[in-house]
Number of protein chains: 2
Amino acid sequence: MGTKQFSGLPEDADLTRADSLAREIFSDVANKWALLIIECLGERTLRFSGLRDGVEGISHKMLTQNLRMLERNGLVERTVHPTVPPRVEYTLTEPGRALRVTIDGLCGWTRRYLGDIEASRSRFDA
Amino acid sequence: MGTKQFSGLPEDADLTRADSLAREIFSDVANKWALLIIECLGERTLRFSGLRDGVEGISHKMLTQNLRMLERNGLVERTVHPTVPPRVEYTLTEPGRALRVTIDGLCGWTRRYLGDIEASRSRFDA
DNA sequence: CAGCATCCTACGCGATACTG
DNA sequence: CAGTATCGCGTAGGATGCTG
């Protein structure tokens, strides 16, 4: 981000602060588990356990940790039903759904170039 | 990816292998440094040192490491000019440029929701 | 200049156990 | 069931030094 990928603004007000914030958000979001969680949520509402099953290979800890982070950034909404046993549901917010569109693009890209990448790999490994 | 986000194929041939490969690629690509390197490269051709300056905060080691990985997956092309001192240039390949479009979307998303996220954060931290 | 190898630390992350 | 806390290992990743 050295070249200010995020700003693109005319005014230089306190652009530095905005840029460092952007970089921070980017780091939060550009990680495997966060992306997979969002992708798994999609349009549905899922419980903690549902997400755990849905996101293959994720540990209890990673799931809670990332869910907190996503909630903090306002990408998922967390609703607690005060029943016993407790029932907690997660849904994407509007920003979350917007991000999901991008992630879909990433998944599509992966599908599209799967073969090329596999080929490139075997070439490289030789 | 428990729900096979990547496959979406009719035939179930050896879909499992394809899916695990996809997951592997996804892990490679869905990481902060890789994305920032690709974004920094853009349409340009950059040398190692250029990338080092361009991608703010990246260490020598992380840069080489990620560049190797991206080269292996065929997302960047590496050309060595046998001069002294050596001159090595990096460019995005076609798959790399395609991925870049997606990353641009991610950057755009960040810009777009910067304010909302900042607000959500202060709300959450209270 | 580019990049590999080595060392060493910090922390990511899994496993486990405990509350409401 | 959902969540927090603690411990412990493995690895990510920074710093440094050596080659061509």
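In what follows, chains are A, B, ... by sequence order, proteins preceding strands, each numbered from 1.
A donor-acceptor pair shorter than 3.5 Å can be found between the side chains of B:Asn73 and B:Asp28. There is no side-chain donor-acceptor pair under 3.5 Å between B:Tyr90 and B:Glu71.
We find that CE of B:Met69 is positioned 11 Å from P of D:dG13, with the value rounded to whole Å. Here the C1' atom of nucleotide C:dG12 and the CZ atom of A:Arg68 are 18 Å apart, to the nearest Å. Across the protein-nucleic acid pair, B:Leu63 atom CG and C:dC4 atom P stand 11 Å apart, rounded to whole Å. Rounded to whole Å, atom C1' of D:dA15 lies 16 Å from atom CD1 of B:Ile58. Atom-to-atom, CG of A:Leu46 to C1' of D:dA2 comes out at 15 Å; the value is rounded to the nearest Å. Between the P atom of D:dT4 and the CD atom of A:Gln65 lies a distance of 11 Å, rounded to the nearest Å. The distance from atom CD1 of B:Ile37 to atom C1' of D:dG13 is 14 Å, rounded to the nearest whole Å. Atom CG of A:Asn66 is separated from atom C1' of C:dG12 by 11 Å (rounded to the nearest Å).
Between the side chain of B:Trp33 and the main chain of B:Ser59, no donor-acceptor pair closer than 3.5 Å is present. When atom types are taken as modelled, the side chain of A:Ser120 and the backbone of A:Asp116 share no donor-acceptor pair closer than 3.5 angstrom. Not one N or O on the side chain of A:Arg47 forms a donor-acceptor pair closer than 3.5 Å with the backbone of A:Val88. Put simply, the side chain of A:Thr110 never gets that close to the backbone of B:Ala22: no donor and acceptor are under 3.5 Å apart.
Comparing A:Ser49 and B:Lys61, the nucleotide of DNA chain D nearest to each residue sits closer to the 5' end for A:Ser49.
Ion pairing between B:Glu89 and B:Arg78 fails under the 4.0 Å rule for side-chain N and carboxylate O. Looking at A:Glu118 and A:Arg121, no side-chain N of the basic residue comes within less than 4.0 Å of a carboxylate O on the acidic one, giving no salt bridge.
Taking only side-chain nitrogens and oxygens, A:Arg78 never comes nearer than 4.0 Å to OP1 or OP2 of D:dA2. Regarding contacts with the backbone of D:dA2, a side-chain N or O of A:Arg47 is found under 4.0 angstrom from either OP1 or OP2. Side-chain nitrogen and oxygen atoms of A:Tyr90 include none within less than 4.0 Å of the OP1 or OP2 phosphate oxygen of D:dC1. At the phosphate of D:dA15, neither OP1 nor OP2 sits under 4.0 Å from any side-chain N or O atom of B:Ser59. Between B:Arg52 and C:dA2, a side-chain N or O to OP1/OP2 separation shorter than 4.0 Å is absent.
Counting heavy atoms from C-beta outward, B:Leu35 and B:Leu106 have side chains that approach closer than 4.5 Å.
Of the listed nucleotides (C:dC13, D:dC1, D:dT4), D:dT4 has the atom at the smallest distance from the side chain of A:Thr64. In this structure, the nucleotide among C:dT6, D:dG3, C:dC1 sitting nearest to the side chain of A:His60 is D:dG3.
Considering A:Asn66, A:Leu41, A:Thr91, A:Thr93 in turn, A:Leu41 is the only one that fulfils the side chain to side chain contact (heavy atoms under 4.5 Å, CB included) rule with A:Val76.
Note on the helix from C:dC1-D:dG20 to C:dG20-D:dC1: angle between the axes of the first and last five pairs equals 40°, rounded to 10 degrees.
Listed by residue number, B:Pro85, B:Pro86, B:Val88 are the residues of residues 80-89 of chain B with a heavy-atom contact under 4.0 Å to DNA chain C.
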